[in-house]
Number of protein chains: 2
Amino acid sequence: MPKVGMEPIRRRQLISATMQAIDDVGLADATVARIARQAGVSAGIISHYFGGKDGLLEATMRQILYDLGAAVATRRGRLPEDTPAAHLRAIIDGNFDRSQVSQSVMKTWLAFWASSMHKHDLQRLQRVNDRRLYSNLCSQFRRCLPRAEARRAARGLAAMIDGLWLRGALAPEGLDVDRARRLAYDYLEEQLARADCLA
Amino acid sequence: MPKVGMEPIRRRQLISATMQAIDDVGLADATVARIARQAGVSAGIISHYFGGKDGLLEATMRQILYDLGAAVATRRGRLPEDTPAAHLRAIIDGNFDRSQVSQSVMKTWLAFWASSMHKHDLQRLQRVNDRRLYSNLCSQFRRCLPRAEARRAARGLAAMIDGLWLRGALAPEGLDVDRARRLAYDYLEEQLARADCLA
DNA sequence: TTTTGTTGATTGAACGTTCAATAAAAACAT
DNA sequence: ATGTTTTTATTGAACGTTCAATCAACAAAA
């Protein structure tokens, strides 16, 4: 079957299979054999394309982070109005699109959160994402709130988003996206109501 | 060394050693050998007292849940006034005491969250805790809000607490307990301000 | 002497990685 | 077009390592 230019195809297959495997049995039992079987390829191919299992896991986390960033950027790119409220709602929406709020992506996120505590490569990635969310929120809040207040609001909204998301991931009934978004919107409005910039 | 009545002592030692090991190297690398060494005993003793590694992990999660419940119950037991606001603040405080907001407990929590996605025993425990927090919040909010509003507020506050906690666990600088509590208090007050029960 | 608590070498299963072997496509030659 | 060589992609068995669990042997208290 070998054709030229398989690399990007295989990489996508394997990253997708990794998320599926984590969804099925968890990171601890997501063995290279299982992931390879899920992708319909041999186990050896993982080391060939990713240098090893760790490389595949890092690439998978990178993909998720990229998708999240793209989801936010897309919505911020086509805003009807350039108000802080509009930007902040777009950020919220992007975080709750998350390329899809699928069970497999949520489980993979959670697994990587736990794992990033002790793997420095993952920790770095996770940290970049955290700071991006916080500073995006902060710079928008700053357009209508003093610095200290903007920081407070950004921290609160970031916590609200992550908390809703975490509880959605853990809940057997899954995440109710509309309800979660409404709660985040409500919090946002209460923060903006402190200033007079309810756009 | 063998004396009678070692069981409770060994159990406490091993549960504590488990948290320490997870703090040191993560759940994935917290082997029975490492945990036993941390506790200063032989590896075999784990199977003897806990039936195996899984038993020890479940017991460790049970301990953390128990400590959390106790922290909340204690504060609710000595309230100056029997108002919803006072109860809700006690619940917040209890969640941010968490017996201690130590790095080892937070890392262990996060590891168990991820793990509970695929181990039914842990999932059951985690779910009990989740529902306890939610229904505690809900029943207090119900004292001054209509049912639907109370549920909404409970969901929001629960998400805020867990979100603050999660971000604190992930942040390299650790959790700023006072700041987190203040954000949760603020949210609480905004919810109560919707009714007229700002006690 | 019996009971209780503990050890640590051993066992077997499972894992990630490696690499010689292989197969198909691509490139080249005729 | 057709045959040949080279390149690229892939396999999967073998290897070495690591782990949890076991259990016969042992030690100290009762």
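Numbered from 1 within each chain, the chains take letters A, B, ... in sequence-line order.
- What separates CD of B/Gln13 from P of C/dG5 is a distance of 13 Å, to the nearest Å.
- One interatomic measurement links the two molecules: OH of A/Tyr49 to C1' of D/dT11, which rounds to 12 Å at whole-angstrom precision.
- Among the protein residues, B/Gly52 comes within range of the sugar-phosphate backbone only, with heavy atoms under 4.0 Å from sugar or phosphate atoms but none that close to a base.
- Salt bridge present: A/Asp82 and A/Arg143 bring a charged side-chain N and a carboxylate O closer than 4.0 Å.
- Heavy-atom nearest nucleotides on DNA chain C were determined for A/Thr31 and for B/Ala43, and the one closer to the 5' end corresponds to B/Ala43.
- Set against C/dT6, C/dT4, D/dG12, the side chain of A/Ser42 has D/dG12 as its closest nucleotide.
- Nucleic acid contact class of B/Ser47 (heavy atoms, under 4.0 Å, all strands): base.
- D/dA20 atom C1' lies 17 Å from atom CD of B/Glu58, rounded to whole Å.
- Classification of the B/Trp109-B/Trp165 ring pair by plane angle, with boundaries at 30° and 60°, yields perpendicular.
- Residue contacts shown for A/Gly5 are limited to sugar-phosphate atoms, with no base heavy atom under 4.0 Å away.
- C/dA20 atom P lies 15 Å from atom NE2 of A/His48, rounded to whole Å.
- A salt bridge does not link A/Arg182 to A/Glu189: none of the charged nitrogens lies less than 4.0 Å from a carboxylate oxygen.
- Taking only side-chain atoms of A/Ile45, from C-beta outward, the nucleotide of D/dA21, D/dT10, C/dG16 with the closest atom is D/dT10.
- Distance B/Asp29 CG to D/dC19 P: 7 Å, rounded to the nearest Å.
- The separation between B/Ile35 atom CD1 and D/dA20 atom P is 8 Å, rounded to whole Å.
- B/Ile46 places its CD1 atom 15 Å from the C1' atom of C/dG5, with the value rounded to the nearest Å.
- If you check every strand for non-hydrogen atoms under 4.0 Å, A/Phe50 touches nothing.
- A salt bridge is absent between A/Arg124 and A/Glu58: the closest approach of a Lys/Arg side-chain nitrogen to an acidic carboxylate oxygen does not fall below 4.0 angstrom.
- Counting only heavy atoms from C-beta on, B/Val32 has its side chain closest to D/dA20 among C/dG16, D/dT10, D/dA20.
- Spacing between atom CZ of A/Arg37 and atom C1' of D/dG12 amounts to 14 Å, rounded to whole angstrom units.
- Between the side chains of A/Gln63 and A/Arg12, no donor-acceptor pair of N or O atoms lies under 3.5 Å.
- Distances shorter than 4.0 Å separate none of the side-chain N or O atoms of B/Arg34 from OP1 or OP2 on D/dC19.
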